[in-house]
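Chain letters run A, B, ... following the sequence lines, proteins first, then strands; residues in each count from 1. As a basis for the values below, the full set of heavy atoms in this structure was taken, side chains included, without hydrogen atoms, waters or symmetry mates.
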Amino acid sequence: MSAPLKVPPMLSANPRLDRWVKFNDDRTVTVFTGRVELGQGIITAMTQIAAEELDLSFVQVRIVDADTRLTPDEGHTSGSRSISEGGSAMRSACAEIRAVLLAEAARRLDIPADRLVVEDGRITGADRIRETTYWDLPHAELLAREATGQVPPKPVARYTVVGRSTPRLDIPDKLAGRPRFVADLKRPGMLHGRVVRPPSFGAKLISIDEAAIRAMPGVVAVVRDGDFLGVVAEREEQAVKARKAMIAASRWDEQPLPTDATDIYRFIETRETTDTVIVERRDPAALARATRTFEARFSKPYIAHASLGPSVALATFEQGTIEVWTHSQGVYPLQRELAEVFQLPVESVIAHHVDGPGCYGHNGADDAALDAVLLARAVPGRPVMLQWMRDDEFAWEPLGPAMVVKTRAALDADGNIVDWSLDLWSNGHTQRPGVVVTTEPSVSLLAAWQLERPVPRIPQGDPAMSGGGGMARNAEVIYALPNQKVVAHRVEELPLRVSTLRALGAYANVFAAESFIDDLAQACGADPVEYRLRHMQDPRARAVIERAAQEAGWVPHQASDGTRGRGIAFAQYKNGYGYIAIVAEVVLEPEFRVTRCVAAVDVGLAINPDGILNQTEGGILQALSWTLKEQVQFDRERILSRDWETYPVLTFSEVPRVEVHLIDRRDEEPLGAGETPTGPTAAAVGNALAHALGVRVRDLPLTRDRIIAALG
Amino acid sequence: MSLPEPTRFTVNGVEHSVAAEPDTPLLYVLRNDLDLKAAKFGCGLGQCGACTVLLDGHAVNACDTPLWAVSGKQVTTLEGAQAGSTLARLQQAFLDEQAVQCGYCISGMLMSATALLERTPDPTLDEIKAAMDRNLCRCGTQARILRAIQRAARCGAAT
Ligand code: FES
Ligand code: FES
């Protein structure tokens, strides 16, 4: 007997088979995923997996994503875990469903199950005479049972749908301009809402002339509950005008901030911290060979998610029941938090996921859902569409935290790294429910903290290292180093609201480590590619480094002419997910520009290879935007970055050529792709810039002013 | 309360008359009164291009175009794509290149690219970049969008 299969955790948590798949009368099936489409192509990949395991054609499978009435509870869609966790649960559930149905077909056809063939849901024996279909079987009864998780999925060698580039299911609607987003929903009697946030964090409302606002055209309700303010109007432009009037008419008592955008690095380095040793490997003999030591300090500012569309939600609140349409990353956690805020049973809150503007972590989506419900409560029976304005989004979304990273290393006489340490300072990187368990109720939703009877703010947390970590994500390097020590210094005091942003701490940690490796290579006259390979044993890591270098036409030891530069960087995301190496090329004249990025990626089995390429290209360009331009500006009063002029992002003119090469590893576990490129992009650009300039810029973003300062 | 005077204009070849305040942004009229949801609200400040539509063939931001300014004019939105048009060719090229991530910016991208190709059927890469510079994409889809626009231009040249 073979050992029992490991049951995917999401299947154990949602074991009923009919929670995953339903057979429809029109010879299609509907599959249910608790993961949400964020523009990353997850619904297409899940559809491929289900079609593959059930031996259906791709077009026979329909999919429903996160909905608290319909789909499995899979928590949040984040951390590039959808394919590894959600995909393995879907695969296992579908394999078992196929086996259960085949057993029944075998009985009816009197043919052993292992002799049956399934094609597009038709089940036949080898004789092709006796046949039945999934839909002819009592599937509803058969699937009303719990999964064992013990049916082995189809071997990869027999895949026909998974592993093929498949056009994404949501793209045709988006190209046709058909309503597909939360903001596009329309309901009879729908009203429009806007919120009025305080001018700065923690400000208290002193006064507002509500009567004057109520008298404005179209205004149906002005909502004031503690420091939460909002307005509901018949027409959208009326809500926008009323909001503007409310901002002018409200007076607030503001609290100063303890730091500002320039001082923040000194601030986080000098606060009281909770320190955690992430790794400590000691080899005194190797240490004894040290001949030279090096040190460096890197910094990364607050970065905004800055989705192209501000957060939005549609809500109704009627007879003690809340219904909300949201672009949240987690409809079930949102359902529980809304139930807490309104003191309702969880079943009285229904949350549906609908596509939203791109989501790169914990943004304002859940906050907007609560805002919409608070406004809907004031107009019972009428649906309210609430959208934040651009400045609401910039000033109130949880940001990616500022960080400081210090590195130290020692080389032996041959230039080999014999000692390595990395220390990092940051706030915890999440304010998601479920990370920090509190005895008293607390929620992550912004407005809840402002109400007359507030529900307290969830304590800042940091994802556990077992899940890849938060601030210390990728702080340990996977080079074969005899001595390595990494310490995370967690700052509890929170100057600005922060939470998860694509790759979390990995962006700054990889930027620091991969910049520093280049410094060391340079110090001993080694080529950056050769130097990395010299310290790397993992064959998959070596393969991406070699492939990226080869595709980019890397010439070892090539000197810069002072106007051009090229750099390479590598990381394995979370030290256990996708591998990536990126070569960046830059020019300095007439001004500093990135001209080309060449990447090699290995994400194991690529369910939808073109989807991986799309996400990787996107990740590179977004990281390039962070690296070249982005920094949330704030003074001691408030956030100053409030629109696209005060928070510039990458424009078309700044887009380099991007080439991504996928290393096919069909026999390896599929690993998520969305977050792998961020840190390596920053470091590759930083290394290319250092190659061209001869000096290094260690503070992000790599702006013109910083380059001039570095040149001294 | 008396209704504002109706404003008359043409959208995708159909005449409309909308009774809204003359300073109402065209974007809200399109999305809420005419149920044309392709153009998106991104900033309301004329900075991002998510709301781009064509006004008498020129790309404009619907979020900062007041209703009065379109009186008697022709507005084209993504929903108005006609078979064989430049816009339809662009849609096909975007599909072929899978040049979409979240898709929130895409309607605006298609409209700006249409205005460009109508004016300059065979643009250089730099001309495309310059014409698209006020359309932001936060998902980093620009590299694919550039390829899609080049592909549409090539297909246009072939017909
Ligand atoms: S929404 Fe019109 S330019 Fe941003
Ligand atoms: S595809 Fe998401 S903003 Fe462009």
Checklist entry - Relative to chain B, which segment of H305(A) carries a heavy atom at a distance below 4.5 Å: side chain, backbone, both, or neither? => result backbone
Checklist entry - With chain A, which of L125(B), T141(B), I106(B), L146(B) has the greatest number of heavy-atom pairs at distances under 4.5 Å? => result L146(B)
Checklist outcome for this item: Looking only at Q98(B), M132(B), Q91(B), R147(B), the option with the highest number of non-hydrogen pairs under 4.5 Å against chain A is Q98(B)
Next on the checklist: Please classify the contact of L38(A) with chain B as side chain, backbone, both or neither, using a heavy-atom distance under 4.5 Å.
Outcome noted: backbone
Item to check | Y647(A) (side chain) donor-acceptor with V632(A) (main chain) under 3.5 angstrom | outcome: no
Checklist entry - Is it true that D23(B) and K241(A) make a salt bridge, defined as a side-chain N closer than 4.0 Å to a carboxylate O? => result yes
Checklist entry - For atom CD of Q82(B), is the number of surrounding heavy atoms from other residues, nucleotides or ligands below 6.0 Å larger than 12? => result no
Checklist entry - In terms of heavy-atom proximity below 4.5 Å to chain B, should E37(A) be classed as side chain, backbone, both, or neither? => result neither
Item to check | residues 49-79 of chain B: residues contacting chain A (heavy atom under 4.5 Å, by number) | outcome: A50(B), L78(B), E79(B)
Checklist entry - Side chains of N608(A) and T44(A): do they bring a donor and an acceptor to under 3.5 Å? => result no
Checklist entry - Any Lys/Arg nitrogen of D391(A) or R243(A) sitting under 4.0 Å from an Asp/Glu carboxylate oxygen of the other? => result yes
Item to check | NZ/NE/NH1/NH2 to OD/OE distance under 4.0 Å, R382(A) and E234(A) | outcome: yes
Checklist entry - Taking T676(A) for the side chain and I580(A) for the main chain, is one N or O donor matched with an acceptor at less than 3.5 Å? => result no
Next on the checklist: Only pairs of heavy atoms separated by less than 4.5 Å count here; which of L308(A), V658(A), D170(A) has the most with chain B?
Outcome noted: L308(A)
Next on the checklist: Heavy-atom cut-off 4.5 Å, strictly under: side chain, backbone, both or neither for A81(B) against chain A?
Outcome noted: neither
Checklist entry - With a 4.5 angstrom heavy-atom cut-off, which part of L613(A) approaches chain B: side chain, backbone, both or neither? => result both
Next on the checklist: One thing to verify: whether R151(B) and E97(B) come together as a salt bridge, which I'm taking to mean a side-chain N less than 4.0 angstrom from a carboxylate O.
Outcome noted: yes
Next on the checklist: Taking side chain as everything from C-beta outward and backbone as N, CA, C, O, which of these in L136(B) sits under 4.5 Å from a heavy atom of chain A? Side chain, backbone, both or neither.
Outcome noted: both
Checklist outcome for this item: Bottom line for S653(A): the part with an atom under 4.5 Å from chain B's heavy atoms is both
Checklist entry - After noting the C-alpha distance and the side-chain angles of I149(B) and M109(B), does the key distance pass the side-chain contact (heavy atoms from CB on, under 4.5 Å) rule? => result CA-CA 10 Å; I149(B) 297 172; M109(B) 295 289 176; over 6 Å; no
Checklist entry - So which of G356(A), P357(A), A183(A) has the biggest tally of heavy-atom pairs under 4.5 Å with chain B? => result P357(A)
Next on the checklist: For the interface with chain B, which of D184(A), L621(A), I171(A) has the highest count of heavy-atom pairs at distances below 4.5 Å?
Outcome noted: D184(A)
Next on the checklist: Counting only non-hydrogen atoms closer than 4.5 Å, can you tell me which residues of residues 28-42 of chain B sit against chain A?
Outcome noted: Y28(B), R31(B), N32(B), D33(B), D35(B), K37(B), A38(B), K40(B), F41(B), G42(B)
Next on the checklist: Given the ring of W325(A), does R187(A) sit roughly above its face, with NZ or CZ under 6.0 Å from the centre of the six-membered ring and within 45° of the axis?
Outcome noted: yes
Checklist entry - Going by distance alone, is a donor N or O of one side chain under 3.5 Å from an acceptor N or O of the other, for S311(A) and Q387(A)? => result no
Checklist entry - Given that the side chain runs from C-beta out, which part of R235(A) has a heavy atom under 4.5 Å from chain B: side chain, backbone, both or neither? => result side chain
Next on the checklist: Quick check on D355(A) against chain B: is it the side chain, the backbone, both or neither that has a heavy atom closer than 4.5 Å?
Outcome noted: neither
Item to check | Under 4.5 Å from a heavy atom of chain B, the part of V312(A) involved | outcome: neither
Checklist entry - Looking at C43(B), C48(B), C137(B), which one has more heavy-atom pairs under 4.5 Å with chain A than the rest? => result C43(B)
Item to check | CA sep, side-chain torsions, deciding dist, call: W388(A), F394(A), ring-ring contact (aromatic ring centres under 6.0 Å, His included) | outcome: CA-CA 10 Å; W388(A) 284 6; F394(A) 270 118; over 10 Å; no
Checklist entry - With distance as the sole test, does T114(B) use its side chain to make a donor-acceptor pair with the main-chain N or O of L110(B) at under 3.5 Å? => result yes
Item to check | Short side-chain to backbone donor-acceptor contact, T120(B) and D122(B), under 3.5 Å | outcome: no
Checklist entry - With chain B, which of R657(A), E236(A), M385(A) has the greatest number of heavy-atom pairs at distances under 4.5 Å? => result E236(A)
Next on the checklist: I'd like to know if R8(B) and E15(B) make a salt bridge, using a cut-off of under 4.0 Å between side-chain N and carboxylate O.
Outcome noted: no
Checklist entry - Any ion pair linking R144(B) and D610(A) (charged N to carboxylate O, less than 4.0 Å)? => result yes
Checklist entry - Among V649(A), D643(A), L624(A), who wins on heavy-atom pairs under 4.5 Å with chain B? => result D643(A)
Item to check | Between E654(A) and T651(A), a side-chain donor and acceptor under 3.5 Å | outcome: yes
Checklist entry - Are a donor atom and an acceptor atom from the side chains of T627(A) and Y507(A) found within less than 3.5 Å of each other? => result yes
